[in-house]
Amino acid sequence: MRKWHGMVLIIMALLAVLGGQAGIAAAEDNAATAADFKDIEGHWAKAVIQDMAGKGLVSGFPDGTFRPNDSVTVAEFIRMILMCLTEKDETGRVWWAKDKLSLLPEWGYSFINNATTSFESGQPWYQNYVLTAKNLALVQNEYDARYNEVLTRERAAAMVGKL
């Protein structure tokens, strides 16, 4: 499990270096911030977790934990990779980052500015992220009713490759 979390943190750090931002998100938008995480003291990834939280891209769970030793679920990873491509605008709205949009060909805008694109929690919390991922063809229906399952490294790599 430690290797899996290490891989996720390395991917996020790499995306941060290449794209300027990276994000790890656990469960809900109303979760704890890095200063409140009860379970990262002494953890080997504490500095990375705090850095990501400081950028507003990492969230923990409503009980004030981050759970750094838990496996990453499909839903968490989908949100994680989507949030790597976003930024907050001057009104506080989270949307696609301008520097990421500039990399797209003009025809690509119809895919990302679709009515199914949303970076807010739904019911369940991951619903809008999944719809956005489906819109971008990062996933199809292979995870339907299984978004809380642990994601394998191979499937994570496949999603990153499609991205």
Side-chain angles (χ1 to χ4, degrees), residues 1-103 112 117-122 124-130 132-133 136 138-139 143 147-163:
M1 251 189 261
R2 186 175 261 241
K3 287 181 182 179
W4 172 229
H5 276 86
M7 184 193 74
V8 168
L9 291 173
I10 289 168
I11 289 171
M12 294 302 104
L14 179 62
L15 289 171
V17 169
L18 296 176
Q21 291 189 20
I24 300 173
E28 304 207 18
D29 290 333
N30 64 349
T33 61
D36 301 328
F37 296 146
K38 304 176 210 175
D39 57 349
I40 64 169
E41 193 59 44
H43 193 274
W44 62 271
K46 178 182 178 182
V48 175
I49 294 167
Q50 287 179 321
D51 181 51
M52 301 284 183
K55 294 176 182 177
L57 300 171
V58 176
S59 60
F61 291 87
D63 65 357
T65 61
F66 186 77
R67 303 177 193 167
N69 294 318
D70 284 3
S71 296
V72 176
T73 67
V74 173
E76 290 167 344
F77 193 76
I78 287 172
R79 182 170 187 250
M80 190 184 313
I81 62 175
L82 289 176
M83 295 306 289
C84 289
L85 305 173
T86 66
E87 65 187 3
K88 277 190 181 179
D89 67 15
E90 54 281 345
T91 67
R93 178 178 175 237
V94 176
W95 197 243
W96 301 111
K98 289 180 178 76
D99 62 331
K100 307 301 186 290
L101 289 176
S102 67
L103 300 173
I112 63 165
T117 300
S118 177
F119 299 106
E120 297 178 8
S121 290
W125 70 267
Y126 54 79
Q127 178 183 10
N128 292 331
Y129 303 107
V130 167
T132 300
L136 296 172
L138 296 178
V139 296
Y143 299 109
Y147 292 104
N148 287 317
E149 279 186 11
V150 173
L151 183 66
T152 65
R153 291 179 216 168
E154 294 83 6
R155 291 192 170 206
M159 277 190 238
V160 171
K162 288 178 183 178
L163 186 63

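- In this structure, Val74 and Tyr126 have side chains that are not in contact, with every pair of non-hydrogen atoms separated by 4.5 Å or more.
- For the side chain to side chain contact (heavy atoms under 4.5 Å, CB included) test, residues two or more places apart in sequence or in another chain that qualify with Thr91 are Asp89, Arg93.
- With sequence neighbours excluded, no residue forms a side chain to side chain donor-acceptor pair (under 3.5 Å) with Gln127.
- Going from atom CZ of Phe37 over to atom CZ of Phe61 covers 9.5 Å, rounded to the nearest 0.5 Å.
- Considering only heavy atoms from C-beta on, Met83 comes within 4.5 Å of Val94 through its side chain.
- Applying the ring pair (Phe, Tyr, Trp, His ring centres under 6.0 Å) criterion to Tyr143, with sequence neighbours excluded, gives no partner residue.
- Here Leu136 contributes atom CG and Thr117 contributes atom OG1; the two are 6.0 Å apart, rounded to the nearest 0.5 Å.
- At least one side-chain heavy atom of Leu85 sits less than 4.5 Å from a side-chain heavy atom of Trp96.
- Atom SG of Cys84 sits about 8.0 Å away from atom CE of Met80, to the nearest 0.5 Å.
- Note that the CH2 atom of Trp125 and the CZ atom of Arg79 stand 6.5 Å from one another [nearest 0.5 Å].
- Put simply, CD on Gln50 and CD1 on Ile40 are 4.5 Å apart, with the number rounded to the nearest 0.5 Å.
- The closest side-chain heavy-atom distance from Phe77 to Arg155 is not below 4.5 Å.
- Under a 3.5 Å cut-off, the side chain of Lys100 and the backbone N or O of Glu87 do not form any donor-acceptor pair.
- With a 4.5 Å cut-off on side-chain heavy atoms, Ile81 and Tyr129 do not count as touching.
- Using a 4.5 Å heavy-atom cutoff, the side chains of Asn69 and His43 are in contact.
- At least one side-chain heavy atom of Ile78 sits under 4.5 Å from a side-chain heavy atom of Val130.
- Using a distance-only test at 3.5 Å, with no hydrogens or angles considered, no donor-acceptor pair links the side chain of Thr65 to the main chain of Lys38.
- Applying the salt bridge (Lys or Arg N to Asp or Glu O under 4.0 Å) criterion to Glu90, with sequence neighbours excluded, gives no partner residue.
- Shown here are the side chain to side chain donor-acceptor pair (under 3.5 Å) partners of Asp39, two or more places apart in sequence or in another chain: there are none.
- Every residue meeting the salt bridge (Lys or Arg N to Asp or Glu O under 4.0 Å) condition with Lys46, not counting sequence neighbours, appears here in chain and number order: Glu41.
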